[in-house]
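In what follows, a structure is listed as structure tokens, so that the remarks can point back to it.
On a predicted model such as this, the values are computed, not experimentally measured, just so you know.
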Amino acid sequence: MIDFKNAEFLNLKPVDNSTYAAAIQPMFVSGEEMIASFKTIRDGVVFTTKRIFAINVQGITGKKVDYTSLPYSKIQAFSVETAGVIDLDSELELWFSGLGKVKFDFVSQADVSRICKMISERVL
């Protein structure tokens with residue numbers, strides 16, 4: 001489970017959905033589809049049509065993996081900071097009911113506007 005006191009995923013880079021498909025698709029509910037996938041050096045984040053999967057690779061070997069499901073229905077608020085001229089990274093902060101805040105820091109190639117629209121469609 002994510003440590004919501006220090007819940008940050010930094011330097012997320014877009015990757016093909018096939019990177020995580022085999023691991024998370026068995027957990028999908030009927031009609032759930034992958035929208036976008038991102039990866040750090042070891043960890044990852046996948047946005048689906050129903051929720052966000054935070055993927056935390058653990059241990060030295062990386063064989064133990066934690067998959068935290070963050071349903072859009074539990075998002076109370078979110079904040080977006082888009083990339084600027086000097087700071088090319090974008091940030092997305094999500095506040096989950098009863099859990100706390102999660103921060104995602106994306107590199108410049110990430111389409112944060114698309115992610116925000118998708119979240120808005122499911123939260124509002």
Side-chain angles (χ1 to χ4, degrees):
M1 178 80 156
I2 293 176
D3 173 11
F4 282 92
K5 292 181 182 170
N6 302 306
E8 290 188 6
F9 288 82
L10 303 174
N11 298 320
L12 289 164
K13 296 178 174 113
V15 294
D16 191 82
N17 285 339
S18 63
T19 305
Y20 297 111
I24 66 169
Q25 282 180 334
M27 295 182 251
F28 282 10
V29 297
S30 179
E32 187 170 11
E33 298 176 17
M34 294 176 78
I35 295 173
S37 299
F38 301 88
K39 186 174 185 350
T40 65
I41 293 172
R42 288 175 48 128
D43 299 333
V45 175
V46 176
F47 292 86
T48 76
T49 52
K50 306 279 185 186
R51 58 189 151 176
I52 301 166
F53 278 97
I55 302 163
N56 182 4
V57 178
Q58 302 174 352
I60 295 171
T61 63
K63 291 189 185 228
K64 184 175 180 182
V65 181
D66 173 74
Y67 298 93
T68 300
S69 173
L70 303 165
Y72 296 124
S73 62
K74 298 297 181 188
I75 296 175
Q76 291 183 311
F78 67 91
S79 171
V80 177
E81 183 179 296
T82 59
V85 176
I86 297 173
D87 183 8
L88 299 177
D89 294 347
S90 301
E91 295 177 3
L92 172 64
E93 292 181 321
L94 303 167
W95 285 266
F96 288 89
S97 174
L99 297 173
K101 179 178 80 167
V102 178
K103 178 181 173 184
F104 300 109
D105 181 55
F106 299 95
V107 297
S108 60
Q109 303 100 323
D111 188 354
V112 178
S113 297
R114 178 176 162 239
I115 294 168
C116 289
K117 180 180 179 186
M118 182 267 310
I119 290 171
S120 294
E121 289 171 345
R122 286 149 180 84
V123 173
L124 301 178

task: Look at the side chain of Tyr72 and the backbone N and O of Thr49, then say whether any donor-acceptor pair between them is shorter than 3.5 Å.
output: no
task: Dump the intermediate steps for side chain to side chain contact (heavy atoms under 4.5 Å, CB included) on Ile75 and Arg122, then the final yes or no.
output: CA-CA 9 Å; Ile75 296 175; Arg122 286 149 180 84; over 6 Å; no
Give the cluster check for [X] versus [Y]: same hydrophobic cluster or not, with ILVMFWY residues linked at side-chain heavy-atom distances below 4.5 Å.
X: Val45; Y: Val15; answer: no
X: Leu10; Y: Leu92; answer: no
X: Val46; Y: Ile119; answer: no

Inter- and intrachain pairs under salt bridge (charged side-chain N to carboxylate O under 4.0 Å, His left out), touching residues 30-53, at least two apart: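 Of all non-adjacent pairs touching residues 30-53, those that pass salt bridge (charged side-chain N to carboxylate O under 4.0 Å, His left out) are Glu32-Arg51.
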message: Quick check for you: to the nearest 0.5 Å, what is the distance between Leu99 atom CG and Ser97 atom OG?
response: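 Rounded to the nearest 0.5 Å, the CG-OG separation comes to 7.0 Å.
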message: Using 0.5 Å steps for rounding, measure from the CD atom of Glu8 to the NZ atom of Lys101.
response: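 So the gap between those two atoms works out to 7.0 Å.
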message: Just to verify, what does Lys74 make a side-chain contact (heavy atoms from CB on, under 4.5 Å) with, not counting sequence neighbours?
response: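 Lys74 satisfies side-chain contact (heavy atoms from CB on, under 4.5 Å) with Pro71, Phe96 once adjacent residues are dropped.
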field: Partner set under side-chain contact (heavy atoms from CB on, under 4.5 Å) for Ala23, not counting sequence neighbours
entry: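 Partners of Ala23 by the side-chain contact (heavy atoms from CB on, under 4.5 Å) criterion, ordered by chain and then number, come out as Tyr67.
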Heavy-atom pair with the smallest gap, counting every atom of [X] and [Y]:
X: Val80; Y: Cys116; value: CG2-SG, 2.7 Å
X: Pro26; Y: Ala21; value: CD-O, 4.2 Å
X: Thr48; Y: Met118; value: O-SD, 4.0 Å
X: Val107; Y: Asp89; value: CA-OD1, 3.7 Å

- request: Applying side chain to side chain donor-acceptor pair (under 3.5 Å), run through Asn17 and Ser37 and close with a yes or a no.
  value: CA-CA 5 Å; Asn17 285 339; Ser37 299; 2.7 Å; yes
query: Using the benzene-type ring in the case of Trp, are the ring centres of Tyr20 and Phe53 under 6.0 Å apart?
result: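 No, too far apart.
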message: What verdict does the side chain to side chain contact (heavy atoms under 4.5 Å, CB included) test give for Ile52 and Val102, after you've listed the backbone C-alpha separation in whole Å, the side-chain angles of each residue and the deciding distance to 0.1 Å?
response: CA-CA 11 Å; Ile52 301 166; Val102 178; over 6 Å; no
query: Which of these passes ring-ring contact (aromatic ring centres under 6.0 Å, His included) with Phe9: Phe104, Phe38, Phe106?
result: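 When ring-ring contact (aromatic ring centres under 6.0 Å, His included) is applied between Phe9 and each of Phe104, Phe38, Phe106, only Phe104 qualifies.
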